[in-house]
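In what follows, a single structure is set out as structure tokens and then discussed.
Proteins come first, then strands; the chains are lettered A, B, ... in the order of their sequence lines, and each starts at number 1. Quick caveat: nothing in here was measured; it's all calculated off a predicted structure.
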Amino acid sequence: MEKAIAGALRAAQEAGELPRFKIPNIPVSPPKRADQGDLSYPAMGLAKLARKKPIDIASLVLSGMPSLEFACELELAPPGFINCFISRAYLRRQVDAIIAEGESLFQLDIGSGKRAQVEFVSANPSGPITIGHTRGAVVGDAMARLLEAAGYEVQREYYYNNAGAQMIKLGKSLRLRYLERLGAAVELPAGYYQGEYLVDVAADLVAEYGDSLRDEAWQQFIALAESRMFDWIKRSLASIEIEHDAFYNETSLFETDKIWQVLHVMRENGHIYESPYWEGAAEEEIADVRAKGYQPATWFRSTSFGDEKDRVMVKSDGEPTYTLPDIAYHCDKLERGFDIAVNVLGTDHFSQAQVVKHGIRALGMDPEPIHVIFNQMVRAVRWNEDLEEYEAVKQSKRAGDFDTLDDLVAMTSADAVRYHMLARSPNSQLDFDVDQVVKQSNENPVYYIQNAYVRCAGIFREAAERGVADDGADLNLLGEDELRFIRKALELGNVIEQAVTHYEPHKIAFFAHELAAVFHPIYDRVRVLHSEVPPETAKARLRFYRAASVVFYRLLRLMGMSAPERM
RNA sequence: GCCUCUGUAGCUCAGCGGAAAGAGCACCGGUCUUCUAAACCGUUGGUCGCAGGUUCGAGUCCUGCCAGAGGCGCCA
């Protein structure tokens, strides 16, 4: 439609009916109300350029437009809209087209031949997957699925840190828990991992190795802790159908000297200097540094790239900060040649991500392929009757307080966790209402959507039993209700494209709910197997529900949710 | 203090600069001898935080203010 309008405008210009001007973007979009058509173009924006009334411009365009394959009716509406109504014949044809496409319905080609990477979760192996990680996990995986639907070859990657001080603490903590299990009286110092889960791991170790690890150093316990934690993390993620293709650890960047090569290039490019404090430090900061007696550290002059202050790359004790390997990692990522590298992070990593981008520029590289989705904070809440407000579910070391992915899945379901984590713009904070998600009622959109698929499956079962088939169905027997559903379903292609190009996977969740809301009333009115429905009509309707079920299946799979045959 | 995000119905939230602000839940009233009612139909509910500005047109863009969340480490 965009092309047709642009063509009509050009023709009008050449015929002298419109003055010459550069034709701007043609903003065609579906209007809010059904009587305004399926696609709409406002010509008001051209009023100034063309020095004519919007309605006159729209009229000129209308008369110059060729007939479109899918349109049966173009309509002029004040103050200057052109509304396009998709023809019923076209919609009827789509029933068969949808069924033919099946599981690859609306498989787009905007990413064909291109490679995309989604890095998500990336939690360090020091504990279970929390509710915060879960949001990143769900958003990242949905993004990956949408990129696949858009035609990209997608890699899911998990980056983790197994090098720093935190892992040392973890190893030491586990060693103490192990000794405790063997009967020693221990007390975990402040800053050690207090979580009960290490007690369980220690119990496992005793069961497996007895007391043979008694004299091992804490270093041995780091490796043990890491592998146990990862087993747990992978199992948790698998429970909501999430699996990564690659695990990339920070240690490898040290082993390959990558971080030092990166630092070298940054230095060559003149962005590195040695100093006890950063160049722009205020006197207070300088005094503070003197008081602490710091030796010179290695600084990255990130202020050259718009940062508010410079950042330490190598501490005065010779150890790199987290930032340097992070820059090296993203450098490696870009060198692997991805056309798109999506990074799903919590908003608490905002500053860090900016510094990494500055670092990439300091290497003389273009950070453009990197796109970060920042998820706002998420917390589990429940309604407090007495206070009449939501309150956060308190974090607790004891089980059953919903602060881990495992707890959430146990209390609700994998599908519910996925849907609720996805059905929100990443920009808005998420309060995960545990009680509402637990309810399996019409309050819960998860089941509302899945039930659409289930209802289709129910019809197919019954039809098979009664020997009703849909082959050779005459789709002209479909009514307005069914065509309205098809019309809405055809928006899915656009939704996928929007979700991918704007990195907004939540759009798919809202669309799924909207489509289900179109479906259910139709299911109520449009019966297939009923004594008053003529056999030929039943056949056509069965064919329609076949198409509907294909659409819902595709939607549910794009969200990583299951498509049950019955509930 | 600076940076990012948020403020839309009683609650939780959608809403690409376009036509008369949307959905779910809650509330109220109806629908099961029918392919499972986890559904459907109807009613109620709004100064889009406040104030300016840009525009033919602003919930949407800009500025300021108010309120909430997160971040501004020689932590990761």
Side-chain angles (χ1 to χ4, degrees), chain A residues 27 29-33 36 40-42 44-45 47-48 53-54 77-81 83 124 126 161 163-167 250 276-278 289 292 294-299 307-309 311-317 319-323 326 346-352 354 374 376-377 379 383 388-390 423-431 433 436 439-448 450-452 454-463 465-466 468 498 502 506-507 509-510 513-514 517 519-525 527-533 538 541-542 545 566-567:
Chain A
S29 60
K32 286 174 192 159
R33 298 202 338 251
Q36 294 167 345
S40 179
Y41 168 67
M44 288 85 87
K48 199 166 255 183
K53 284 185 197 161
F81 288 99
N83 295 332
N124 290 338
S126 57
N161 171 329
Q166 294 306 314
M167 290 305 287
E250 185 185 335
Y277 40 82
W278 75 285
V289 167
K292 286 178 180 165
Y294 281 141
Q295 294 301 302
T298 303
W299 293 80
D307 204 354
E308 55 186 0
K309 59 178 295 189
R311 310 285 168 171
V312 172
M313 293 292 105
V314 183
K315 296 185 266 182
S316 47
D317 64 5
E319 289 294 315
T321 59
Y322 173 79
T323 311
D326 209 2
T347 182
D348 52 332
H349 287 74
F350 182 80
S351 300
Q352 174 68 18
Q354 297 304 310
F374 289 106
Q376 294 291 321
M377 209 184 84
R379 56 178 193 159
W383 183 256
E388 293 193 340
E389 62 183 21
Y390 282 104
R424 193 133 330 185
S425 159
N427 284 340
S428 63
Q429 289 170 43
L430 194 160
D431 284 346
D433 183 336
Q436 190 194 323
K439 279 188 201 169
Q440 300 199 352
S441 69
N442 59 355
E443 293 172 39
N444 197 324
V446 179
Y447 303 99
Y448 189 78
Q450 284 181 322
N451 194 32
V454 168
R455 287 179 134 180
C456 291
I459 296 175
F460 304 150
R461 272 198 304 276
E462 189 64 23
E465 222 165 87
R466 301 193 195 181
V468 178
Q498 292 290 311
H502 294 129
H506 69 283
K507 286 188 187 297
F510 284 96
H513 192 273
E514 285 170 17
F519 176 86
H520 287 300
I522 294 173
Y523 175 88
D524 243 44
R525 286 193 293 265
R527 299 272 159 175
V528 178
L529 308 164
H530 191 271
S531 54
E532 287 168 28
V533 178
R541 288 179 176 177
L542 185 61
Y545 282 110
R566 47 178 98 224
M567 301 223 281

Query raised in the report: Looking for any heavy atom pair under 4.0 Å, which part of the strands does A/His513 touch: base, sugar-phosphate only, or nothing?
Result: sugar-phosphate
Query raised in the report: Below 4.0 angstrom from OP1 or OP2 of B/rC75, is there any side-chain N or O of A/Lys315?
Result: yes
Report task. To the nearest Å, give me how far apart CZ (A/Arg311) and C1' (B/rG71) are. Result -> 10 Å
Requested in this report: Indicate yes or no: at least one non-hydrogen side-chain atom of A/Ile459 is less than 4.5 angstrom from one of A/Leu542.
Outcome: yes
**Report entry** Length of the line joining A/His520:NE2 and B/rC32:P, which is rounded to integer Å
**Finding:** 20 Å
Report task. Select from A/Val289 and A/Phe374 the residue whose nearest nucleotide in RNA chain B is closer to the 5' end of that strand. Result -> A/Phe374
Query raised in the report: What is the distance, rounded to the nearest whole Å, between atom CG of A/Asp307 and atom P of B/rC2?
Result: 17 Å
Query - Atom-pair distance (CG on A/Asp524; P on B/rG30), nearest Å - result: 18 Å
Query raised in the report: So how far is it from A/Gln352 CD to A/Asp326 CG, rounded to the nearest 0.5 Å?
Result: 5.0 Å
Query raised in the report: Where does B/rC32 land, syn or anti, once you apply the within-90°-of-0 test for syn?
Result: syn
Query raised in the report: Rounded to the nearest Å, what distance is computed from the NZ atom of residue A/Lys309 to the P atom of nucleotide B/rG71?
Result: 16 Å
Query raised in the report: Hey, which of these two, A/Asp348 or A/Ala77, hits RNA chain B nearer its 5' end, going by closest nucleotide?
Result: A/Ala77
Query raised in the report: Within the structure shown, what part of the strands sits under 4.0 Å from A/His530 by heavy-atom distance: base, sugar-phosphate, or nothing?
Result: base
Requested in this report: Please measure how far the C1' atom in B/rC25 lies from the corresponding atom in B/rC16, and state the result in whole Å.
Outcome: 27 Å
Query raised in the report: Does a side-chain heavy-atom distance below 4.5 Å link A/Val314 with A/Glu319?
Result: no
Report summary line: dist A/Arg311:CZ -> A/Ser351:OG (nearest 0.5 Å) comes out at 6.0 Å
Requested in this report: To the nearest 0.5 Å, tell me how far A/Asp348 CG sits from A/Gln376 CD.
Outcome: 10.0 Å
Requested in this report: Hey, could you give me the CZ/CZ distance between A/Arg527 and A/Arg541, rounded to the nearest 0.5 Å?
Outcome: 10.5 Å
Query raised in the report: Does A/Arg455 have a side-chain nitrogen or oxygen under 4.0 Å from the phosphate oxygens OP1 or OP2 of B/rA38?
Result: no
Query raised in the report: With sugar-phosphate meaning primed atoms plus P, OP1 and OP2, does A/Gln450 contact a base, only sugar-phosphate, or nothing at under 4.0 Å between heavy atoms?
Result: nothing
Query raised in the report: Starting at CZ of A/Arg466 and ending at P of B/rC35, how long is that distance when rounded to a whole Å?
Result: 7 Å
Query raised in the report: Hey, is A/Tyr448 stacking on B/rA38? Ring centres under 5.5 Å, planes under 30°.
Result: no
Requested in this report: State the OH-CD1 distance between A/Tyr545 and A/Ile522, to the nearest 0.5 angstrom.
Outcome: 7.0 Å
Requested in this report: Classify the nucleic acid contact of A/Met377 as base, sugar-phosphate or nothing, counting any heavy atom under 4.0 Å across all strands shown.
Outcome: sugar-phosphate
Query raised in the report: For A/Tyr523, which contact category applies under a 4.0 Å heavy-atom criterion: base, sugar-phosphate, or nothing?
Result: base
**Report entry** Value rounded to 0.5 Å, distance of CZ in A/Arg424 from CG in A/Leu430
**Finding:** 4.5 Å
Query - Distance, rounded to the nearest Å, where A/Phe519 contributes CZ and B/rA38 contributes P - result: 14 Å
Query - Intra- and inter-strand pairs of RNA chain B in dot-bracket (Watson-Crick or G-U wobble, both distances under 3.5 Å; | for another strand) - result: (((((((..((((....[...))))..((((.......))))......(((((..]....))))))))))))....
**Report entry** Side-chain heavy-atom pair A/Met44, A/Phe81 within 4.5 angstrom cut-off
**Finding:** yes
Query - B/rA19 base / A/Asn83 side chain donor-acceptor hit below 3.5 Å - result: yes
Query - Note, A/Ser126 side chain near A/Gln166 side chain (heavy atom, < 4.5 Å) - result: no
Query raised in the report: With a centroid cutoff of 5.5 Å and a plane-angle limit of 30°, would you call A/Phe350 stacked on B/rG71?
Result: no
Query raised in the report: What is the minimum heavy-atom distance between A/Asp524 and A/Arg455, and which atoms define it?
Result: OD1-NH2, 4.0 Å
**Report entry** Is_stacked (A/Tyr294, B/rC74) at 5.5 Å, 30 deg
**Finding:** yes
Query raised in the report: Between B/rG64 and B/rU47, how far is it from one P atom to the other, in whole Å?
Result: 27 Å
Requested in this report: Quick one: label A/Arg566 by what it contacts on the DNA or RNA (base, sugar-phosphate, nothing), any heavy atom closer than 4.0 Å.
Outcome: base
Query raised in the report: For atom C1', what is the distance between B/rC28 and B/rG71, given to the nearest Å?
Result: 46 Å
Query raised in the report: Can you give one letter per nucleotide of nucleotides 5-15 of chain B, 5' to 3': B if a protein heavy atom sits under 4.0 Å from the base, S if only from the sugar-phosphate, - if neither?
Result: SS----SSSSS
Query raised in the report: When we call it a touch if two heavy atoms are under 4.0 Å apart, what does A/Pro521 touch: a base, just sugar-phosphate, or nothing?
Result: sugar-phosphate
Report task. Whole angstrom is fine here: how far is it from NE2 in A/His349 over to P in B/rG73? Result -> 15 Å
